[in-house]
Structure formats: C-alpha cells, structure tokens
Amino acid sequence: MTNHAILEGILFAFGDEGVDHEQLRLALNIDEEAVVDLIINYKEILENDDRGLELVEFGGMVKLITKSNLHEVIADMLEFNKNRQLSQAALETLAIIAYKQPITRIEIEEIRGVNSDMMCRRLEALDLIHESGRADTPGRPILYEVTPSFMDVFKLTTLNELPEIKLEMLDETHELFKSNN
Amino acid sequence: MNFEISIEQFNGPLDLMLYLIKDKKLDLFDLNIVELADQYIAFLDGVRDQKLEVASEYLSELAGLIEYKSKRLLPRDKSELDAENVEDPENDLVRRLIEYQRYKEVSIELATRYEERSKQFSRPLSAGLFKQIKRELKETITYEQTPYDLMSAMAKVMERFRIANPQDVSIERVELSVDDVIGELRIKFRNNTIYTLDKLLSESRSLQYLLVNFLAVLDMLRMGELKVSYQGDDVFLKGAFE
C-alpha cells in the first residue's frame, strides 16, 4: 500500500481531530521531510476538479475538509445550517489577543476601552482562547493566548498569515485621520 | 442634536468616538476635542434612556473627554507647555483611537476567514474510534485546573453524544437522583482508579443519565471527593478519599 493511501486512510479515520506531523511520521515510519513532501503531494492530487475534499493544516493539525464550492450543495441537505456568528466585539477581542499574545485582560481592556471580563470567559468557553500562564506583575494576572481551535476556525496554519499590523508606526498618518489642511 | 442610533450599535466608547470622527469628518491629527466632546455628550444625551446604566465605560471616557475639553478651553500656562515629558492627553487619545481602529480593520479580515471556513465541513471522529485512541495516562498529572477546562470538555462530550445518538426522540421518565449516582461513583473510584470524564460519561444510557452523572461529578468535586486534571482534550478524574 502506498503512503498516499495510508495518509488518506488516516485522515479519514481521524476526521476533524486531524493528526500532526509527528503522528504521521511515526505511523508511516518516515522522516519529517518526507512527511512534508507527502502532504504537499497529496494536497496537489486533491486539487483536481474531480475530488471533493481538500487537505488543510490549521493550527498544526492536518485534516480533510470539503471544498468550499460544495458548500451550497451540502448546506441544502443540512437541517441546521445557521452558522454560529461571532460578534464584532468578539472578533476585535480575538484580533487583539492574536496579535499581542500573551496578553492580560487589563491590556485588552486598555485597547478596547471596555470591560472584557465576560468576553474573555465566553471566548475561553468557545475554546478560542486559553490561559497560557501568569504575568510576572503584581496580582499575577492571567495571560491569554489563542488556541489551535482558533487557528482552525480562521483558516490559519500559523499566526504569520494574519495581515501585517504596524502598531509601532502609530504616529504615521492613517487614512482615516488624514489631515485636512 | 438628534441621534437615530442606539448604544447597542457600538462596541464601546472608542468605537463611538471613531463613528463620530468619521461621521462629522473631524480631523484627528488636529483633533478638535471640543467638538468631539460636544458630539459625544450629545450622543449620550440622546441615548440616556437606553442601557446607559450598564455602559459605565462610556461615562468614564466622557470624563476624560471633558478633562481634555476643559484644558483646551482654559488659557494655557506657557511653562506647562514648555515642560518636557508632559504626557499629552490628546496624543494619548489619538494613539488609542488609531490602535483601536487598526484592530477593527483586522477583525473584518478575521470575519471573512471565519465565514469561508464555516463553508467547509469535516467529519467528526466517531465516538467508537475515540474510545479506542491510545491515551497515555501520565504519572505527572497535576490536579489543578480551572472550571473552564471542565466546561469545554463537557461541550465535547455532549457533541459526541449527539453524534453517537442521532435522532433520539424517545421520551422516558426515569427518576434518577444525583445522590444515587454519587454512590455508584464512589464505588467506581475506589482503589485509586483513574477515569477520564469521557469514559465515565460514555457509559451513560441516556442523555438524562449523562447529565445526572455530570452533576454527580461536579458535586463530588465540590465536596472534595474527586480530583480533576486536564491533559490535552482529556479530563482525568480520581478519588480523593485517602
């Protein structure tokens, strides 16, 4: 049996849990480089139009998901197709955490200007952020980071894929605040 | 001043200020604090009857704005202007507004990604396979976890139960008390046995039994009869009788 076939079988069996590179390396008894090659190779095979699946690596887990152009066909068959929407406030909070992690709740509140206690709890319950430790400052506040599940729901292999944000250049003129004189 | 908008439309005082700046075409780099403060106050007046009692953050920013405004209106002491290292509250506000605006923009990108991802489906790991996956029970388990670990673990258990028991519409009334289940659990946890929350709850025959089981676990945790540890996706439970 080829490594392609084995990879396909493993990915099917593990579903949305996915597997990481190390697990594949051990299962197939090949080195890391070969795992990467195999994944790229299989990914290309699936890109063909007569395949309905796509291989992704979100948050360090390799898994199979359906191609996005199948969405309508599948959605028509689903009874409960109401996507759980994230509120604008939730998205802003997540953005702040993703860019500045590890970050304390107080630091988040300084940027948002609103109390973020409930929001942090909600995002934690949704498994989008988690406690990554405690800051070495008075009161030892909780530090938050985004979770692998955050990476998955936002289609991210690494956080570097987020658009660049130049926080250190805040003094520069910004489109919104262009001077009128 | 007539505002036809409500406080629910904004994610906080900075959001409101950005709206006012855009709407009134204010120039933030030569910030007219007086105008901004007036707009802000007018807005708060307009929505006074809404949920302002909970929006204390708005009032706190308003206090800041009024402070800036009063400083702008008062004749300035030249020595204060010349002094170095005096923090300029206006610049601080501008910096905060710009930083907040950046994150607002990025969150739009996040929303797009979220929507795209929700159009692609994956199949859940079957409940049967999940039980068989090798999980190492480490010697070094620490039993200091937060309730949120338990919450997210329970959410997973419920999801798996839903998948394993599709279209369960039967109605049964079985009187089952948490105390009875605690008795059962005490026996199970004798001899230092360690269970995962999954294993413990997967033996439930019905959703009701599953819930009572979970309540029993919570009760025993409260009474200090169980210790809990969270490792990866698993919640390990062991008795604390000795």
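Chain letters run A, B, ... following the sequence lines, proteins first, then strands; residues in each count from 1.
Contact tally against chain B (heavy-atom pairs below 4.5 Å) for A:Gly113, A:Ser87, A:Ala98, A:Gly18: the top residue is A:Gly113. Note: A:Ile96 leads A:Leu156, A:Asp127, A:Ile96 in heavy-atom pairs under 4.5 Å with chain B.
Residue pairs meeting the salt bridge (charged side-chain N to carboxylate O under 4.0 Å, His left out) criterion with at least one member in residues 211-221 of chain B, sequence neighbours excluded, are B:Asp219-B:Arg222. Sorted by first and then second residue, the salt bridge (charged side-chain N to carboxylate O under 4.0 Å, His left out) pairs with a member in residues 132-157 of chain A read A:Lys63-A:Asp152, A:Asp136-A:Arg140, A:Asp152-B:Arg117; sequence neighbours excluded.
Scanning all heavy atoms of the two residues, the minimum distance from B:Arg113 to A:Glu161 falls at NH2-O, 3.5 Å. Annotation for B:Tyr100 and A:Ile111: closest pair CD1-O, 3.6 Å, computed over non-hydrogen atoms. Shortest non-hydrogen contact noted between A:Val114 and B:Gly12 is CG1-CA, 3.3 Å. A:Gln88 approaches B:Ser107 most closely through the heavy-atom pair NE2-OG, 2.8 Å. Looking at every heavy atom in both residues, A:Leu91 comes nearest to B:Leu110 through O-CD1, 3.9 Å.
A heavy-atom distance below 4.5 Å is not found between the side chains of B:Phe121 and A:Ile65. Contact annotation: the side chain of B:Tyr103 approaches that of A:Lys100 to within less than 4.5 Å [non-hydrogen atoms, C-beta and beyond].
Using a 4.5 Å cut-off between heavy atoms, B:Gln120 contacts chain A through both its backbone and its side chain. At a 4.5 Å heavy-atom cutoff, the contact between A:Leu64 and chain B is made by backbone atoms alone. In this structure, chain B has heavy atoms under 4.5 Å from both the backbone and the side chain of A:Ala13.
Between the CZ atom in A:Phe154 and the CD atom in B:Glu116 there is a gap of 11.5 Å [rounded to 0.5 Å]. Going from atom CD of B:Glu115 over to atom CG of A:Leu86 covers 11.5 Å, rounded to the nearest 0.5 Å.
The salt bridge (Lys or Arg N to Asp or Glu O under 4.0 Å) search around B:Asp38 returns B:Lys69, not counting sequence neighbours.
Between B:Arg102 and A:Glu92 no salt bridge is recorded (no basic side-chain N to carboxylate O distance below 4.0 Å).
Within residues 31-62 of chain A, the residues approaching chain B closer than 4.5 Å by heavy atoms are, in numerical order, A:Glu54, A:Phe58.
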